[in-house]
Amino acid sequence: MIIRQILVTPVAFRDPPLLNAAGVHEPWALRTIVEVVTDEGLTGLGETYGDVRHLGKVRECAQALIGLDVRATNTMYARISTIVGDSSTGVTTKEKSIDRVLSPFEVACLDIRGKAAGVPIVDLLGGQVRDAVPYSAYLFYKWAGHPNQEPDRFGTALDESGIVEQASLLIKQYGFRSIKLKGGVFPPDQEVAATKALHAAFPELPLRLDPNAAWTVETSIRVGRELDGILQYLEDPTPGIPGMAEVAAAVPMPLATNMCVVTHEHLPPAIASRAIGVLLLDHHYWGGLVRSSHVATLCDTFGLAMSMHSNSHLGISLAAMTHLAAATPNLTFACDTHTPWQDGQDVIQPGALRFVDGAVPVPTGPGLGVELDRDALAHMNEQYEKCGILARDDTSYMQRFDPAFSARRSRW
């Protein structure tokens with residue numbers, strides 16, 4: 001199974017004005033679709049970020065992988081490492097840059113290996129420990145629509161009533177059985193009030209709050225204590241491993257992260273200082289599905305629980321996330337997903353993925369179990385070429401409408 005061709009296609013799809021600590025989502029979200037084709041005619045799919053710097057490295061590395069066996073992941077890593085070198089793809093470390101570039105190729109090659117063997121990827125990761133993967137209702141403060149555009153179907157959510165209404169909409173449509181609120185947008189007391197309103201409206205559902213490191217250590221401790229008995233976990237309240245460790249020692253619920261532990265070198269100090277109780281995996285930046293499963297094993301060794309991080313993504317990523325979560329015994333918290341916010345936009349053919357009572361049944365087809373919708377791919381590629389956005393920049397977009405806005409962390 002020798003790689004004969006790799007196609008790299010950037011795409012753009014509409015994104016609602018979702019508010020967060022960095023600003024607000026722009027009207028278009030960017031992704032990159034990777035197709036790996038073998039000498040036997042099998043094609044595997046991968047999905048990754050769409051920012052232009054990352055896209056350039058993906059394209060450059062694609063050429064270096066031609067001629068490799070799809071099972072030669074170690075050689076792929078070595079070649080990508082040589083190309084990425086010390087150059088930056090917009091992230092913090094060389095190792096994380098390598099992992100980000102490797103991930104879509106690794107997923108695509110696993111897709112091929114599954115198709116060749118006639119088994120789903122979950123079987124290549126050790127077999128499924130759950131038949132369906134639970135996801136959470138991922139709530140955002142948001143405007144009714146992008147400025148100078150029509151309101152979207154999700155409506156406004158700028159206060160407690162708007163957040164509760166949004167939760168009701170998502171729970172009714174998808175059947176979610178847990179809730180996560182993206183905070184860091186308003187002063188902490190306002191987000192505490194929204195969390196308490198959600199608890200009152202859905203007392204049986206677990207809640208998480210994620211302010212994206214917008215709070216000081218002191219504020220994090222105060223809020224954590226105030227939400228005792230309400231939050232399942234508190235995600236990234238304050239920046240950095242030392243700050244998280246100080247908060248973790250003083251609040252009653254576990255702390256979760258996808259910010260202070262995002263590459264392998266972060267794990268030893270985080271574990272030693274007991275900074276986190278839950279790690280949010282993301283195969284897009286942990287180097288793919290197999291390397292993510294290795295991280296999960298390490299977390300199990302040290303007693304860390306697991307969930308899964310999400311960014312604006314399409315169905316190839318949702319399928320990969322579902323296979324990984326289904327094969328990871330200690331991933332016991334419902335995963336994050338942006339799928340509802342994509343509102344039906346996708347590059348895969350419909351039918352393979354669906355939500356049932358807030359969970360996605362593991363696809364049963366070989367490999368990822370999903371196939372490209374070529375018309376949709378071409379349409380989204382055309383949108384990419386026309387949208388004028390080359391990299392996600394929530395902060396600059398917010399500053400168009402609020403010039404005084406700052407994304408400074410620990411601002412409360």
Side-chain angles (χ1 to χ4, degrees), residues 16-21 24 134-144 151-216 218-238 247-248 250-258 277-278 280 305 307-310 332-341 355-359 412:
L18 306 180
L19 299 166
N20 58 77
V24 61
Y135 288 87
S136 60
Y138 200 170
L139 310 183
F140 285 81
Y141 290 102
K142 67 179 293 294
W143 300 330
D152 57 54
R153 76 175 183 91
F154 299 102
T156 305
L158 297 173
D159 55 20
E160 297 96 290
S161 62
I163 287 294
V164 170
E165 185 176 351
Q166 184 185 107
S168 298
L169 174 68
L170 297 184
I171 290 168
K172 180 178 180 181
Q173 182 169 350
Y174 295 92
F176 293 121
R177 295 180 176 178
S178 60
I179 298 172
K180 171 177 171 173
L181 173 61
K182 177 67 78 175
V185 176
F186 295 113
D189 288 344
Q190 186 171 339
E191 296 179 355
V192 166
T195 304
K196 290 180 176 179
L198 287 167
H199 181 61
F202 307 99
E204 73 285 2
L205 299 187
L207 295 175
R208 305 94 172 261
L209 174 61
D210 173 20
N212 276 140
W215 302 341
T216 64
E218 293 74 18
T219 297
S220 301
I221 293 171
R222 176 178 67 81
V223 171
R225 290 173 175 172
E226 186 169 353
L227 293 177
D228 185 14
I230 294 177
L231 287 185
Q232 185 181 46
Y233 59 69
L234 177 59
E235 181 180 339
D236 285 310
T238 201
V247 176
V251 299
M253 71 285 293
L255 299 188
T257 190
N258 74 281
V278 184
L280 276 67
S307 182
M308 192 172 286
H309 169 252
S310 165
T332 54
F333 289 104
C335 302
D336 298 344
T337 180
H338 281 65
T339 295
W341 299 109
F355 285 84
V356 179
D357 295 329
W412 284 293

ask   = Do Ile179 and Ile171 touch side chain to side chain, with heavy atoms closer than 4.5 Å?
value = yes
query = If we only count heavy atoms from C-beta on, is the Glu191 to Tyr141 side-chain gap below 4.5 Å?
reply = yes
inquiry  = Less than 4.5 Å apart, side chain to side chain, heavy atoms only: is that true for Leu207 and Leu181?
reply    = no
query = Residues in side-chain hydrogen bond (donor to acceptor under 3.5 Å, both in side chains) with Gln166, at least two apart?
reply = none
task = Check side-chain contact (heavy atoms from CB on, under 4.5 Å) between Gln190 and all other residues, then give those that pass, not counting sequence neighbours.
result = Phe186, Pro187
Minimum-distance pair of heavy atoms, taken over all atoms of Pro203 and Ala200 = CD-O, 3.6 Å
ask   = If every non-hydrogen atom of Ala305 is compared with every non-hydrogen atom of Phe333, which pair is closest and at what distance?
value = CB-CE1, 3.5 Å
ask   = Taking side chain as C-beta onward, heavy atoms only, is Thr339 less than 4.5 Å from Tyr135?
value = no
task = Only counting residues at least two apart or in another chain, list the ones meeting side-chain hydrogen bond (donor to acceptor under 3.5 Å, both in side chains) with Ser307.
result = none
message = Give me the atom names and distance for the closest heavy-atom approach of Leu280 to Asn258.
response = CB-CB, 4.0 Å
Side chain to side chain, Leu227 and His199, heavy atoms closer than 4.5 Å = no
ask   = Is any side-chain heavy atom of Leu198 less than 4.5 Å from a side-chain heavy atom of Leu139?
value = yes
ask   = Which word best sums up how the rings of Trp341 and Phe154 line up, parallel for under 30°, tilted for 30 to 60°, or perpendicular for over 60°?
value = tilted
inquiry  = Show the nearest heavy-atom pair for residues Leu170 and Pro340, with the distance to one decimal.
reply    = CD2-CB, 3.9 Å
ask   = What are the two closest heavy atoms between Asp236 and Asp210, and how far apart are they?
value = CB-OD1, 4.0 Å
request  = List for me each residue that meets ring-ring contact (aromatic ring centres under 6.0 Å, His included) alongside Tyr138, sequence neighbours excluded, and say none if there are none.
outcome  = Phe140, His338
query = Do you know which two heavy atoms are closest between Val251 and Gly224, and how far apart they sit?
reply = CG1-CA, 4.0 Å
ask   = For Gln232, which residues count as a side-chain hydrogen bond (donor to acceptor under 3.5 Å, both in side chains) partner, sequence neighbours excluded?
value = Arg208
inquiry  = Contact between Tyr174 and Thr337 at the side-chain level, heavy atoms closer than 4.5 Å - yes or no?
reply    = no
ask   = Is Glu165 close to Thr156 at the side-chain level, that is, under 4.5 Å between some pair of heavy atoms?
value = no
query = Is atom CZ of Arg222 surrounded by more than 12 heavy atoms (other residues, nucleotides or ligands) closer than 6.0 Å?
reply = yes
message = So that I can tick it off, tell me whether Glu226 and Lys196 are bridged by a salt bridge, with the cut-off set at under 4.0 angstrom between side-chain N and carboxylate O.
response = yes
inquiry  = Under the rule for side-chain hydrogen bond (donor to acceptor under 3.5 Å, both in side chains), what residues qualify as partners of Ser161, not counting sequence neighbours?
reply    = Asp159
